[in-house]
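A short write-up of the structure that comes next.
Just so we're on the same page: letters track the sequence lines, and every chain starts at 1.
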Protein chains: 2
Amino acid sequence: METRIDRIKKQLHAASYKLTPQREATVRILLDHEEDHLSAEDVYLLVKDIAPEIGLATVYRTLELLTELKIVDKINFGDGVSRYDLRQEGAAHFHHHLVCLECGAVDEIQEDLLGDVEGVVEKRWNFQIKDHRLTFHGICWRCNDRSSQDPPQ
Amino acid sequence: METRIDRIKKQLHAASYKLTPQREATVRILLDHEEDHLSAEDVYLLVKDIAPEIGLATVYRTLELLTELKIVDKINFGDGVSRYDLRQEGAAHFHHHLVCLECGAVDEIQEDLLGDVEGVVEKRWNFQIKDHRLTFHGICWRCNDRSSQDPPQ
DNA sequence: TCTTACTTTATAATCATTATCAATTGATAA
DNA sequence: TTATCAATTGATAATGATTATAAAGTAAGA
Ligand SMILES: [Zn+2]
Ligand SMILES: [Zn+2]
Ligand SMILES: [Zn+2]
Ligand SMILES: [Zn+2]
């Protein structure tokens with residue numbers, strides 16, 4: 001059976017890049033933390049456990065390469081660091097995010113939801129959409145439930 | 001007649017801040033460049049023309065203050081700098097952006113467009129939306145020669 | 001006037017990211 | 001296998017944006 005790593009290796013080779021041990025270790029960390037939104041520093045600290053010799057610059061370079069190849073998406077939630085998000089295999093669009101202002105949690109919305117909106121934008125603004133970023137800021141379900149347990153004052 | 005500056009002054013006073021000459025000069029620059037998306041450095045260079053003694057740190061502090069008071073919105077288009085966007089007076093939500101991958105132009109969409117989507121998110125994800133960021137990346141009407149060279153609308 | 005809190009300026013410090021460069025690796029051909 | 005050469009790496013320096021610090025200035029109120 002072809003694994004996810006194998007397919008990424010093919011994508012790299014198709015663009016004439018090698019899947020070096022450092023690159024493979026970095027990809028494995030991303031796969032192992034698919035639901036997280038890791039910064040380059042986060043990835044570096046995690047990857048050092050399985051490849052202690054790796055340098056921070058290599059992690060940055062690898063993440064940049066994976067971004068170019070559209071294997072990961074780079075996103076910024078306004079906290080001064082870029083975060084790297086594995087793109088779902090076969091997903092037409094980048095998924096959306098829910099950032100909780102209270103607890104800081106970042107949840108994902110995999111559904112598209114923007115189909116109609118993109119139709120309007122393409123037609124009315126004559127804009128050819130290649131990608132999008134949609135983030136909602138607010139109170140997540142966890143913090144909502146907690147506050148509804150407490151009666152309002 | 002009450003000007004936009006007067007109303008911003010009231011908003012500052014309501015939060016017990018003063019509209020100092022430096023803050024006023026900074027706000028004037030933002031008003032004079034409402035359709036642009038200026039970085040702190042951009043604002044600093046422009047504001048020095050009308051208030052040469054101002055310091056960069058003051059510009060940063062003023063922009064941060066205006067962001068807190070929701071007079072401006074801070075946004076990041078992934079190029080490593082934060083940009084500051086005057087919020088439309090009375091606008092319920094932050095407007096959306098079209099970033100051209102070819103010429104770098106940033107156009108604005110003032111229409112809401114997200115009403116239905118936000119309804120779904122609030123209900124299905126039990127997420128209480130306070131704000132949003134929606135940016136489309138693609139080819140703008142100027143660079144797009146598939147159809148006419150006419151601007152939209 | 002004196003007091004006090006707020007604000008500013010210049011500058012240093014911090015933090016993320018990128019550039020540099022010598023050393024290493026890995027694919028390929030002799 | 002060994003030589004070759006471009007790709008890649010790791011350590012570190014450099015850069016650039018932003019934030020923190022500290023001393024000085026400002027303005028309102030007692
Ligand atoms: Zn929460
Ligand atoms: Zn995500
Ligand atoms: Zn364009
Ligand atoms: Zn805008």
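Of the candidates C:dG26, C:dA16, D:dT18, D:dT18 carries the atom nearest the B:S82 side chain, counting heavy atoms from C-beta on. Looking at the side chain of B:T20, the nearest of the listed nucleotides C:dT8, D:dG10, D:dA20 is C:dT8. Taking only side-chain atoms of A:R23, from C-beta outward, the nucleotide of D:dT18, D:dT8, D:dG10 with the closest atom is D:dT8. The B:T58 side chain lies nearest to C:dT8 when the options are C:dT8, D:dG10, D:dA20.
If you measure from atom CD of A:Q22 to atom C1' of C:dG26, you get 12 Å, rounded to the nearest angstrom. Note: CG (B:D79) to P (C:dT17) measures 13 Å, nearest angstrom. Distance OH (A:Y44) to P (D:dT12): 11 Å, rounded to an integer number of Å. Here C:dT7 presents its C1' atom at 16 Å from CD of B:E24, a figure rounded to the nearest Å. Computed from coordinates, the A:N76 CG to C:dA16 P distance equals 13 Å when rounded to whole Å. Between the P atom of C:dG26 and the CG atom of A:L12 lies a distance of 15 Å, rounded to the nearest Å. Rounded to an integer number of Å, the gap from B:Y60 OH to C:dT14 P is 18 Å. The separation between A:E53 atom CD and C:dT24 atom P is 13 Å, rounded to whole Å.
No contact: B:E41 has no heavy atom under 4.0 Å from any strand.
Residues A:Y17 and A:A57 each lie close to DNA chain D; by heavy-atom proximity, the contact nearer the 5' end of the strand is made by A:Y17. Where B:K18 and B:E64 meet DNA chain D, the nucleotide closest to each residue was compared, and B:E64 sits on the side nearer the 5' end.
The pair A:R142-A:D107 counts as a salt bridge, with a side-chain nitrogen and a carboxylate oxygen less than 4.0 angstrom apart. Using a 4.0 Å cut-off between charged nitrogen and carboxylate oxygen, A:R124 and B:E111 count as a salt-bridge pair.
Applying the Watson-Crick and G-U wobble criteria (two distances, each under 3.5 Å), D:dA27 pairs with C:dT4.
Nearest heavy-atom pair, B:E34 versus B:E108, reported as atom, atom and distance to 0.1 Å: O-OE2, 4.5 Å.
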Inset, instruction - Under the side-chain contact (heavy atoms from CB on, under 4.5 Å) rule, what do A:L114 and B:F136 come out as? Steps first, then yes or no, please. - result: CA-CA 11 Å; A:L114 283 184; B:F136 293 105; 4.3 Å; yes
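Under the side-chain contact (heavy atoms from CB on, under 4.5 Å) test applied with B:I29, the options B:D42, B:V47, B:L45 reduce to a single match, B:V47.
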